[in-house]
Each structure stands twice: as structure tokens, then as C-alpha cells.
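For the numbers below, each heavy atom of this structure counts, side chains included, while hydrogens, waters and symmetry mates do not. Just so we're clear, the structure is a prediction, and the values are computed from it rather than from any experiment. We're numbering straight along the sequence, starting at 1.
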Amino acid sequence: MLKYIVLGPWLFLAGRPTFEGGSNFPKDGAALLAINHLSAADWLFLPLRAPRRITFLAKSEYFTGSGLKGRFQRFFFAQTGQVPIDRTNADAATNAMETGARVLREGQILGMFPEGTRSPDGKLYRGKTGIARVALKSGMPIVPVGVIGTDKFLRADSHVPHRAKIRVLIGEPLDVSPWLDRIGDRDAEREITDEVMRRIQALTGQEYVPDVYGAEVKEKLSAKRENRSDST
């Protein structure tokens, strides 16, 4: 209902999305999508034209709120394919990986953001190897996806969407079978992740920073803002 009646038509009008590489989208069976992360709106546009439901991992807080807002959040995220994960404890990463693997075992399509956080400046940053661990554990291919324009649709400093031109580009799947005899090997996980990020960069044309995590850049920017605030 949200896709075809409520949310979808508005997103098409506001984002004017185009979709390229649709033949690379998995027609059946489980698959893992690796998506760049420019905006909180990234996950909204890919499902619009996807012929199958895409499941994303979401913070469990979105499912535990109270009152009218809490009920709306639970309904919205459940209806749009979100699966809650607890990110508040030391085992959060392990829990996320296990949940992702379960989604794939059930034959579903799992969408992940290997950068782990939104890009603070539009660049493509070093990917985290969790996506490779999930792929190796499940044996599923990784489909690189590039989303362009969402940072203009929903800017980091605003909660109000703006008209923009969104492009969704789907690349050829990466077969992880050459690495299956190296499960648990961190070097193999890094090789797979780096190859996925290179493929995403080829789709989006973003400047690629392979040796720095986006979260590190965000922390430095936050520290600079705090220092400027303290000095005034």
C-alpha cells in the first residue's frame, strides 16, 4: 500500500527517480545489495521499481517507541521492509550479521550500506567488512547499487525533503565463490569489500577514499564544531 498508493507516487513526483541496470536485479532467490549512503532517504528510492521486496536492517529504537509516533514508526518501518537490530550492546555487530544471514537464508533480498554511516561530504568512504562476512556465510552474490541525488533530496541539515533528480544504478553481481575457501579470513573479507566499493564508485562517480571510514570523518567534523562553539 505504501509503495503504490501512499509513499510511492509522492516520491516519484518529488525525486523524479530513474533506474538503470534493472537486468542486474536478482529475479529469484536470495541476494545481497551493497548501497552507497548519501542520505537518510537512500533506502526509499530503490524499492520503488524493485520487482521484489528489499529488507533493510534498522535500529531497534524505531520499533520500540510509545504513543502515536511510536505506533506510526512501527507500522511504517515494518511495512517498508525494515528488520530491527539491537545496536546498544557489545554484540551489536554480531547480532546484525546473524540477522542479515537469517534474512538471506529465508530467500529474501537484503540491502546493506557498507560505509556504515552517511557520507558527511558526498565522497564514498572505506567499506566495513560486515557485508563480506554475510556474503561468505550465506554464499550469496553481492549486487553493487549506486544512488545519486538523495543528498539533495534530503539534506543532512534538514528534515524537509526538496525536489531533486534521483538516479538508481544497479551493477553486475559480484560472485564471492572464489573466496569461499577463506571464510573467516579477514584479508579475504577486506578484498571482497574493497572490490564492492570500487564497483559502487564506478556506478556513482563519487570521489573514493579507500583508507578512511566515513564515521572517522564525522567525528573530526563534530570535534571541530564543538571547538568552535567553545571558543565563542
When you look at Arg167 and Glu20, which way does the side chain to side chain contact (heavy atoms under 4.5 Å, CB included) test go after all the steps?
-> CA-CA 8 Å; Arg167 294 176 65 199; Glu20 303 170 35; 2.9 Å; yes
Counting only heavy atoms not in Asp28, do more than 12 fall under 6.0 Å of its CG?
-> no
Would His162 and Arg155 count as a side chain to side chain contact (heavy atoms under 4.5 Å, CB included) if you check the C-alpha gap in whole Å, the side-chain angles of each, and the deciding distance to 0.1 Å?
-> CA-CA 8 Å; His162 299 75; Arg155 301 166 187 166; 3.5 Å; yes
Does a side chain donor of either Thr117 or Lys218 reach within less than 3.5 Å of an acceptor in the other side chain?
-> yes
Could you give the distance from CD1 (Ile148) to CG (Leu38), rounded to the nearest 0.5 Å?
-> 8.5 Å
Do you know the tightest heavy-atom contact between Val217 and Tyr125?
-> CG2-CE2, 3.5 Å
Could you go through the salt bridge (charged side-chain N to carboxylate O under 4.0 Å, His left out) check for Glu216 and Lys220 one step at a time?
-> CA-CA 6 Å; Glu216 297 173 353; Lys220 291 179 180 178; 5.8 Å; no
So, Asp42 versus Thr150: side-chain donor-acceptor pair below 3.5 Å or not?
-> yes
Yes or no on side chain to side chain contact (heavy atoms under 4.5 Å, CB included) for Arg182 and Asp187, after CA distance, side-chain angles and deciding distance?
-> CA-CA 9 Å; Arg182 297 171 63 190; Asp187 289 338; 3.8 Å; yes
Please report the closest heavy-atom contact between Ala101 and Val134, naming both atoms and the distance.
-> N-CG1, 4.3 Å
Considering non-hydrogen atoms only, spot the tightest contact between Leu48 and Pro17 and give its length.
-> CD1-CG, 4.1 Å
Arg186 atom CZ, over 12 foreign heavy atoms within 6.0 Å | no
Evaluate whether atom CZ of Arg118 has more than 12 neighbouring non-hydrogen atoms of other residues, nucleotides or ligands under 6.0 angstrom away.
-> no
Would Asn36 and Glu115 count as having a side-chain donor-acceptor pair, cut-off 3.5 Å?
-> no
When you look at Ile170 and Leu46, which way does the side chain to side chain contact (heavy atoms under 4.5 Å, CB included) test go after all the steps?
-> CA-CA 9 Å; Ile170 304 170; Leu46 177 58; 4.3 Å; yes
Contacts of Phe153 that satisfy ring pair (Phe, Tyr, Trp, His ring centres under 6.0 Å) - sequence neighbours left out = Trp10, Phe45
